[in-house]
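By convention in this document, chain letters (A, B, ...) are assigned in the order of the sequence lines, proteins followed by strands, and residues within each chain are numbered from 1.
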2 protein chains.
Amino acid sequence: MPMPQTSASLPRPHTLIEFGILSASNPTISLSEFTYTRGSEIYSEKEPIEFVYQVKSGAVRSCKLLSGGRRHIGAFHVAGDFFGLENGDVHRFSMEAMVDTIVHRVRRESLDAAAENDGTLTRDLLRMAATNLGHAEDHMLLLGRKTSMERVAAFLIEMDKRLTTAGILALPMTRRDIADYLGLTIETVSRSLSHLRELGILRFIDNSQRHIVLVDRQQLAGLDRQN
Amino acid sequence: MPMPQTSASLPRPHTLIEFGILSASNPTISLSEFTYTRGSEIYSEKEPIEFVYQVKSGAVRSCKLLSGGRRHIGAFHVAGDFFGLENGDVHRFSMEAMVDTIVHRVRRESLDAAAENDGTLTRDLLRMAATNLGHAEDHMLLLGRKTSMERVAAFLIEMDKRLTTAGILALPMTRRDIADYLGLTIETVSRSLSHLRELGILRFIDNSQRHIVLVDRQQLAGLDRQN
DNA sequence: CGCAGGCTTGACGTCCTTCAACCGTTGTGG
DNA sequence: CCACAACGGTTGAAGGACGTCAAGCCTGCG
């Protein structure tokens, strides 16, 4: 019986070292490991930037707040992802752990100092900034012009690429997180998922609503037609 | 009689030379001037990246298309702004002139080559990428969680900073452009503007609906409460 | 057990879209 | 020169997609 395959995009780097942020030629940067419990804040909006992070295990969300209790989530970061790498003086989003999470972090100054003498590292930083920008641009399109169904489909496709293992997509985020990421309400997200289940495109697993099996990725992709 | 002042933010660079993209130490980069007529396409989505541009005069829009005739505008660029500076191989947006526009452009390779030996230039590129990212993040919040009124107010505030002269805000874009930028329809944009006029927050000038005087910036800012 | 948090589902409300009519300006060809 | 189509904008009426409100289920936990 064939193993259900995730629709794997290009594999992403797994450690600061592999990515080139740390390398044998940069022995000056010290790496330390930190643990955050579910729901705790790693840093908050407008806080001065001290560290750059990489998720070792777990998952985090970056968010902003508006009046009237409105919340917006800009991105999710899971194992392997970098975050906190911004080019201003202060953070533009707050960052919270969605589940118990282990991160690696390095002082931002040491990174800057290392980049000073290392063109490769600088290009890596530029490439990462471009990756973030590309994601943000796609997400603007989603928020500005897509229907609720297209948004949820796009979300599932994105998460499937990133964290499906052994055929199971184990989402670390709540319906509220998903809603605030997609610019919807929890009810609309829930209804969209129920509808996808009724269509046979996905299945819920066990008694946890956060474990999902994507049955028909083709059809799912069809629901988020980019063109 | 006091001159009405634009709520000027930090002044932006005015030429590639001032910005540092071109400098006396980079005599290798050749600069050329190009003109595009209203409505013409400067480059299109998925086209290989050849040049990096700066608007000399006029204004351009970056846009994407979806099925069903849906359009999304990611950003507007006016005199002084850079565009086309992406880090992939191909453009992620198409770029069109909204009015007759003159641009300066340099070959992307010559820029890359110059950056190779010039840490300052590289840092400038990083800074520009960060600026774009910051704008995209703010815009995601707008598209995901703001009401139509808040969006239009935010739009006016943004454009006021960039192109109000002598107290008059002369918009280069149509209602459709504004709508596709804000994730709304032209009718909703028009109604919001009419409502602002009724409230005495702005006035239309002459017989062009694109020339506006902002009467009460304070009140306008109040309609787009970030918090 | 009792309570809180997360999810689903239904009924209803609303903000924005859709559809349509109309106006003024621009530009174009007879 | 003028008729008239094309374009951009405004406004009203009706509709719909998503939001709001509410009830109920399930699980985990003190």
### Task
Any chance you could measure B:M159, atom CE, to B:L169, atom CG, to the nearest 0.5 Å?
8.5 Å
### Task
Report yes or no: is the cationic atom of A:R105 (NZ for Lys, CZ for Arg) under 6.0 Å from the centre of the six-membered ring of A:F51, at an angle within 45° of the ring normal?
yes
### Query
Distance check: side-chain N/O of B:S148 vs OP1/OP2 of C:dC16, anything under 4.0 Å?
yes
### Task
Name every residue in residues 137-145 of chain A that has at least one heavy atom under 4.0 Å from any atom of DNA chain C, in order of residue number, or write none if there are no such residues.
none
Detail all sub-3.5 Å separations between protein N/O atoms and N/O atoms belonging to nucleotides 4-9 of chain C.
{"unit_1": "C:dC7", "atom_1": "OP1", "unit_2": "A:R175", "atom_2": "N", "d": "3.4"}
{"unit_1": "C:dC7", "atom_1": "OP1", "unit_2": "A:R210", "atom_2": "NE", "d": "3.2"}
{"unit_1": "C:dC7", "atom_1": "OP2", "unit_2": "A:R175", "atom_2": "N", "d": "2.9"}
{"unit_1": "C:dT8", "atom_1": "OP1", "unit_2": "A:R175", "atom_2": "NH2", "d": "3.1"}
{"unit_1": "C:dT8", "atom_1": "OP2", "unit_2": "A:R175", "atom_2": "NE", "d": "2.8"}
{"unit_1": "C:dT8", "atom_1": "OP2", "unit_2": "A:S190", "atom_2": "OG", "d": "2.6"}
{"unit_1": "C:dT8", "atom_1": "O5'", "unit_2": "A:S190", "atom_2": "OG", "d": "2.9"}
{"unit_1": "C:dT9", "atom_1": "OP2", "unit_2": "A:S194", "atom_2": "OG", "d": "2.4"}

### Query
Are the aromatic ring centres of B:Y181 and B:H72 under 6.0 angstrom apart?
no
### Query
To the nearest 0.5 Å, what is the distance between CZ (A:R92) and CD (A:E86)?
7.5 Å
### Task
May I ask you to say what A:G183 touches in the nucleic acid, namely base, sugar-phosphate or nothing, with a heavy-atom cut-off under 4.0 Å?
sugar-phosphate
### Summary
Rounded to whole Å, the CG-C1' distance (B:D206 to C:dG24) equals 14 Å
### Task
Could you tell me from which nucleotide to which nucleotide of DNA chain D, 5' to 3', there is an atom under 4.0 Å from chain B heavy atoms?
D:dG8 to D:dA13
#### Entry: Residues B:R71 and B:D177 bridged, charged N to O under 4.0 Å
yes
### Task
Examine the side chains of B:S44 and B:E47 and answer whether a donor and an acceptor come within less than 3.5 Å of each other.
yes
### Task
Over all heavy atoms of both residues, which pair between A:A154 and A:L142 is shortest? Give the atoms and the distance, please.
CB-CD1, 3.7 Å
### Query
Would you say A:R175's side chain and A:S190's backbone share a donor-acceptor pair under 3.5 angstrom?
no
### Message
Checking A:E158 against A:H135 for the side chain to side chain donor-acceptor pair (under 3.5 Å) test, could you report, in this order, the C-alpha distance in whole Å, the side-chain angles of both residues, the deciding distance, and whether it holds?
### Response
CA-CA 11 Å; A:E158 182 188 352; A:H135 181 269; 3.1 Å; yes
### Message
Quick check on the 6.0 Å ring-centre criterion: do B:Y43 and B:Y53 meet it?
### Response
yes
